J.: 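First the structure, which I've put down as structure tokens, then a few questions once you've had a look.
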Amino acid sequence: MKYKVDYVRIRENYITLNGWVVGKKPGSQPAFCVYNSKMESVDFKYVKTRRDDVSQVYFGKVYDEDYGFDIKFDYKRGEDYYLEIAIDNQKKKIKYNEELIYKRSSVAYKRMEKLKDLCNMETVRVAFNFMKKNGLRALIRKSKSKIKGMDNDYEYTEWYEKTKPTKEELAAQREVKFAYSPLFSIVVPLYATPDNFLRELLDSILAQTYTNFEVCLADGSENGKDKEEFVRKYIEEKNIGSKIKYNKLGKNLGIAGNTNEALKMASGDYIVLADHDDVITENALYECAKAINEENCDCLYSDEDKLDMYGGSLFDPHFKPDFNIDLLESVNYICHLFVVKKELVDVAGMFDAAFDGAQDYDFIFRVTENAKKIVHIPKVLYHWRCHMNSTASNPQSKLYAFEAGARAIKAHIERVGISLPVEKIDKGVDYGIYHKYFTMEDKPLLSIIIPNKDHREDLDLAIRSIMIKSSYKNIEFIVVENNSTDKKTFEYYDKVQKEFDNVKVVRWEREFNYSLINNFGVNFASGEYLFFLNNDIELINPTSIEEMMWYAVRKDVGIVGARLLYNDDTIQHAGVVVGFGGVAGHTFIGLSEVENSYFHRALTLQDYSAVTAAALITKKSVFEEVGGFSEELAVAFNDIDFCMKVRAKNYLVVYNPYALFYHYESKSRGLEDSPEKIERFNRETAIFMKRWPEILAKGDPYYNPNLTLRKSNFALRDLLNEKIGEPFIDEKIKKYL
């Protein structure tokens, strides 16, 4: 038996355990029991969950089995409890009490557990098998990535305490007089809401540093008398008069219907959506009023985190990008806090019961489609209470919500009319993340441009993997020969052009300059679309090019990039963040496909500021509009600069993780290891930094200033060494600036 309890949380009057267990065989099924200190059986709820990472580690492949578990049981303070796990005639009892739970949740304990995981025999076995398949160097690189990932300087609770507004800052906010003081209507649908949860929500609203608000409560509980009495007494107790409006509906109209009744009560300039058991931060409305005054926006959203049922612990912060339409079409990343101008709601319409379960997702689509300006506030302003039946805790408990979400996406795409027709929408990497498929009747010619210097075997693999595997067939290859010296390379060129009539070799006879070589290759391209490809690329997913073209044909899209893997199946490229490492860098480098990335971002289709040109599709018209690649960037950041130029023309850069290739990384050009090459790299880095100073100073809009720029894993910002608005500049670069 192998098992691990990853998370243990105390919520109000019960304990929740999340973990996994495997037996000797992939199909072995576990059994669970919970006992109190007298060894009497205790009732519990058990929900199976997917853990493909566990399957991969212990069985070498992903099986269609649920190895994870969520277990919840009632507890009394001060008592001991035991979880018994049985599988394959083996049993294990694990003791739980408050003291042990809090000890196990400490940063020091978690770091020790990670170290133990690295040293156990199973890890050693997996590492040995990995080394046999991929070699020692690959193992060392992966191990370094793992160890770096452990060094995540802060646990979120500690980080939040250090970054939340101080008492002095909150006091100063109360004294601010805005030129425009909008009335906020906080709209809350109620249904069988526990009094203590509603009190916490209302207390958090009354504590706001900005005071021009009203609360609109619509109660769909079938017996609303008790709640009506609670609200009446609360209003009297707080002496707040008409600030809280309450409507007892007498019956449940569903979440959309109940919310609409609350919306009808609103008289404010802006609508604020809140769930009945959540909490907003003390500065939430102040930050919204500030953004409205500064940005003149009609739609706002903030970052958020999760609050346990007991109300004593914050966890799982979601630090979001600025508005990202392709991410929104993949997952409802906006969620909370969401604020909308009342006039915009009047245009977009109220909540639609046809999308119950994903009614907020549908509403967000319709609002953002009609918004004049959407602003993201990169601060946690909302605590989302998480419990067993919440989609925040256990997505499988509300599968109907995700089906409604798929319909909301399809309806949105049909309304805006800029995409190809939707063929189907499937589950992505997890529930709530969607993978869209489109119908593409006309398939325009795609010109694949590949610079090459010798390394004919790599080039042959790149060409043949596409010719043989790719489902997209309307292609031509432009191989740009770049000063090869091996006679066999030229023999290969003759051979491949005879074998495939859609392969053309053209000769570049000047010095190496990536930008000029690719610009030269475009002159020979007949296609309406260009696919820039390194010669050390191998296609993995047969539909990769098709996946990219679905987005490349959109009028609002200028560039589409792919997910690239090293030959050990870890990530080499999953999008680019401007500012990583001081200039720009790839996200989630070295992450295994079975490891979870930050909110599954590595495996979610979305917009980024840039992608690598190792595998990049663009329209020929867009390429010409921005003047192609910049020739002064011969080696470094020419692809990022190209993406920035395309973004400056208001086109989107889309990262598509379903377009999957191996990238054997710059085999043909070699390392930047000579003094001349290093000096050139530093000089070109400085050119990029001088050309795009604003994004380096303000931060990448598709990232979040609360996250680090020193690692690629979206860890929390290092509060000691990273200040917002102060990009890291290597000393070697400064002399060129």
Side-chain angles (χ1 to χ4, degrees), residues 141 144-149 151-154 319-322 324 327 378 559 561-566 570-591 595 597-599 601-604 606-616 633 635-644 647 653-655 657 663 665-666 672 681-682 684-734 737:
R141 183 172 61 210
K144 282 182 178 179
S145 173
K146 283 278 190 184
I147 292 167
K148 284 181 181 178
D151 182 24
N152 196 2
D153 302 321
Y154 300 95
F319 291 115
K320 310 166 188 176
D322 288 353
N324 189 323
L327 181 59
I559 291 171
R563 179 160 54 106
L564 307 180
L565 304 181
Y566 292 111
T570 60
I571 288 175
Q572 190 270 341
H573 170 268
V576 170
V577 168
V578 178
F580 269 5
V583 187
H586 296 185
T587 65
F588 305 113
I589 293 174
L591 190 77
E595 295 177 89
S597 56
Y598 186 78
F599 285 85
R601 290 280 295 272
L603 298 180
T604 303
Q606 63 202 278
D607 302 321
Y608 269 111
S609 287
V611 292
T612 179
L616 177 157
L633 297 173
V635 176
F637 303 113
N638 36 53
D639 50 356
I640 313 304
D641 174 77
F642 174 66
C643 290
M644 296 296 292
R647 289 284 297 120
V653 174
V654 176
Y655 160 67
H663 183 199
E665 187 142 46
S666 304
E672 300 293 326
F681 177 84
N682 291 338
E684 292 182 7
T685 299
I687 290 172
F688 179 90
M689 295 179 77
K690 285 191 281 189
R691 183 171 288 177
W692 307 106
E694 186 174 350
I695 191 171
L696 290 169
K698 291 185 176 180
D700 191 324
Y702 292 113
Y703 197 52
N704 189 297
N706 294 293
L707 302 176
T708 184
L709 292 172
R710 296 179 177 234
K711 301 175 186 176
S712 68
N713 62 351
F714 287 48
L716 294 171
R717 177 168 56 90
D718 182 342
L719 299 177
L720 294 177
N721 299 308
E722 292 183 86
K723 290 183 172 58
I724 295 174
E726 293 184 15
F728 169 76
I729 301 176
D730 193 305
E731 290 296 322
K732 297 170 186 174
I733 309 297
K734 285 185 177 179
L737 293 174

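Owing to the predicted nature of the structure, the values given are computational and were not obtained by experimental measurement.
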J.: Donor-acceptor pair, His573 side chain versus Thr612 backbone, under 3.5 Å?
T.: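 Checking the backbone N and O of Thr612 against the side chain of His573, a donor-acceptor pair under 3.5 Å is found.
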J.: Looking at Met689 and Leu696, what are the two nearest heavy atoms and their distance?
T.: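 Answer, listing the atom of Met689 first, then Leu696: CA-CD1, 3.7 Å.
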J.: Has the side chain of Asn706 got a donor or acceptor atom that lies under 3.5 Å from a matching backbone atom of Pro378?
T.: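 Confirmed, Asn706 side chain pairs with Pro378 backbone.
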J.: For His586 and Gln572, work out which heavy atoms get closest and say how close.
T.: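 The answer is ND1-O, 2.8 Å.
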J.: Would a 4.5 Å heavy-atom cut-off, applied to side chains only, mark Tyr703 and Phe580 as touching?
T.: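 Side-chain contact under 4.5 Å: yes.
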J.: Which heavy atom of Ala613 sits nearest to which heavy atom of Asp639, and what is that distance?
T.: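 Result for this residue pair: N-OD2, 3.0 Å.
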J.: Less than 4.5 Å apart, side chain to side chain, heavy atoms only: is that true for Arg717 and Leu707?
T.: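 Not in contact.
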J.: Got Leu327 and Pro321 here, is their nearest side-chain heavy-atom distance under 4.5 Å?
T.: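 Answer yes - side chains close enough.
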J.: Would you check if Val611 and Ile559 make a side-chain contact, meaning some heavy-atom pair closer than 4.5 Å?
T.: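 Val611 reaches Ile559 side chain to side chain.
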J.: Would a distance-only check, ignoring hydrogens and angles, find a side-chain to backbone donor-acceptor pair under 3.5 Å from Glu684 to Ala636?
T.: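 Between the backbone of Ala636 and the side chain of Glu684 there is a qualifying donor-acceptor contact (under 3.5 Å).
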J.: Tell me if a side-chain donor or acceptor on Asp700 pairs with a main-chain N or O of Val578 at a distance below 3.5 Å.
T.: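 Between the backbone of Val578 and the side chain of Asp700 there is a qualifying donor-acceptor contact (under 3.5 Å).
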J.: Do Val577 and Tyr608 come close enough that some side-chain heavy atom pair is under 4.5 Å?
T.: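 Yes - at least one pair of side-chain heavy atoms lies under 4.5 Å apart.
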J.: Without swapping roles, check the side chain of Asp607 against the backbone of Val654 for a donor-acceptor pair under 3.5 Å.
T.: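 Flag not set: sc Asp607 to bb Val654 has no pair under 3.5 Å.
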J.: Determine whether Thr587 and Val576 make a side-chain contact, defined as any pair of heavy atoms from C-beta on separated by less than 4.5 Å.
T.: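 A side-chain contact is absent here, since even the closest heavy-atom pair is not under 4.5 Å.
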J.: Report yes if some heavy atom in the side chain of Ile571 is under 4.5 Å from a heavy atom in the side chain of Ile589; otherwise report no.
T.: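 They are not in contact (no side-chain heavy atoms under 4.5 Å apart), so the answer is no.
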J.: Taking side-chain contact (heavy atoms from CB on, under 4.5 Å) as the test, write out the residues that go with Pro701, two or more places apart.
T.: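 side-chain contact (heavy atoms from CB on, under 4.5 Å) list for Pro701, sorted by chain: Asp322, Ser609, Ile695.
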J.: Could you tell me which non-hydrogen atom of Arg710 sits nearest to which non-hydrogen atom of Thr708, and how far apart they are?
T.: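 Heavy atoms only, the tightest pair is N-OG1, 3.0 Å.
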J.: Given the side-chain rings of Phe588 and Phe714, with only the six-membered ring counted for Trp, is the space between their centroids under 6.0 Å?
T.: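 Judged by ring-centre distance (under 6.0 Å), Phe588 and Phe714 do meet the cut-off.
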J.: Please name all residues satisfying side-chain contact (heavy atoms from CB on, under 4.5 Å) with Arg563, sequence neighbours left out, ordered by chain then number.
T.: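 Applying side-chain contact (heavy atoms from CB on, under 4.5 Å) to Arg563 gives Leu565, Glu593, Leu603, Tyr655, Pro657, Leu660.
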J.: Is Arg691 salt-bridged to Asp641, going by a charged N under 4.0 Å from an acidic O?
T.: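 Yes, charged N to carboxylate O under 4.0 Å.
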J.: Quick one: are Phe642 and Leu616 in side-chain contact, heavy atoms under 4.5 Å?
T.: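 Sidechains of Leu616 and Phe642: in contact.
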